[in-house]
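Worksheet for the structure shown next.
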Amino acid sequence: MQLQEQLLENTCLRQSECEAILPYMDDGAEVVCTVRRGREEKELCLRLKRESDVVRATGSYFVGVDWIKEEDVAVQVSPKLNDGFEIDYVRMLNEALNEPDNYGHLADLLTITLRSRLSVSVNSKTC
């Protein structure tokens with residue numbers, strides 16, 4: 001399943017997205033994806049909450065992939081669209097890394113969590 005980043009709090013997902021998730025979440029269940037930045041508290045990336053046949057989502061500045069239910073259904077959060085175009089976050093990261101003055105501001109920018117041996121297939125655009 002694919003979503004866009006920066007979902008407003010309690011955004012109601014489209015019916016097709018709900019139908020993909022409902023079989024894997026009990027009514028009232030909540031799935032929370034977080035990331036820890038250094039020694040700080042965990043920071044919210046994505047929250048999904050089922051209310052009957054509706055799934056509500058809250059997202060932040062998270063782009064990536066995580067499991068909703070391991071081995072069954074994963075979610076891919078893609079960059080937001082800007083005037084109809086997807087933001088090229090890889091290019092932006094490369095540009096930031098080319099400027100040494102930025103290094104002090106980039107700590108914990110990228111997080112890779114290897115808690116599963118299972119791979120998640122994702123759709124990506126090729127250049």
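Counting from 1, the numbers follow the sequence of the chain as shown. For clarity, every value in this text was computed on a predicted model and none was experimentally measured.
To the nearest 0.5 Å, atom CG of residue N10 and atom NZ of residue K49 are 8.0 Å apart. Atom CD1 of I68 is separated from atom CG of L46 by 7.5 Å, given to the nearest 0.5 angstrom. Between atom CG of residue D53 and atom SG of residue C18 there is a gap of 8.5 Å, rounded to the nearest 0.5 Å.
When atom types are taken as modelled, the side chain of D26 and the backbone of A29 share no donor-acceptor pair closer than 3.5 angstrom. No donor-acceptor pair closer than 3.5 Å links the side chain of E70 to the backbone N or O of W67.
For the pair V31/R47, no side-chain contact is recorded, criterion being any heavy-atom separation below 4.5 Å from C-beta on. Between L13 and L3, the closest side-chain pair of non-hydrogen atoms falls below 4.5 Å. For the pair V65 and V75, the minimum side-chain heavy-atom distance is 4.5 Å or more. Between I21 and L48 there is a side-chain heavy-atom pair separated by less than 4.5 Å. In this structure the side chain of T11 never reaches within 4.5 angstrom of the side chain of T58, judged on heavy atoms.
Within 6.0 Å of CG in D27 there are more than 12 heavy atoms belonging to other residues, nucleotides or ligands.
Pairing each heavy atom of C12 with each of R56, the nearest pair is CB-NH1, 3.9 Å.
Not counting sequence neighbours, the partners of Q15 by the side chain to side chain donor-acceptor pair (under 3.5 Å) test are E19. Residues passing the side chain to side chain contact (heavy atoms under 4.5 Å, CB included) test with D72 are Y24, K69, sequence neighbours excluded. Partners of R50 by side chain to side chain donor-acceptor pair (under 3.5 Å), not counting sequence neighbours: none found.
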Do any side-chain atoms of residues 97-106 form donor-acceptor pairs under 3.5 angstrom with protein atoms, and if so which ones, sequence neighbours left out?
unit_1: N98; atom_1: ND2; unit_2: N94; atom_2: O; d: 3.1
unit_1: N102; atom_1: ND2; unit_2: A96; atom_2: O; d: 3.1
unit_1: Y103; atom_1: OH; unit_2: L97; atom_2: O; d: 3.0

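Hydrophobic cluster membership for V32: L44 (Ile, Leu, Val, Met, Phe, Trp, Tyr linked by side-chain heavy atoms under 4.5 Å, directly or transitively).
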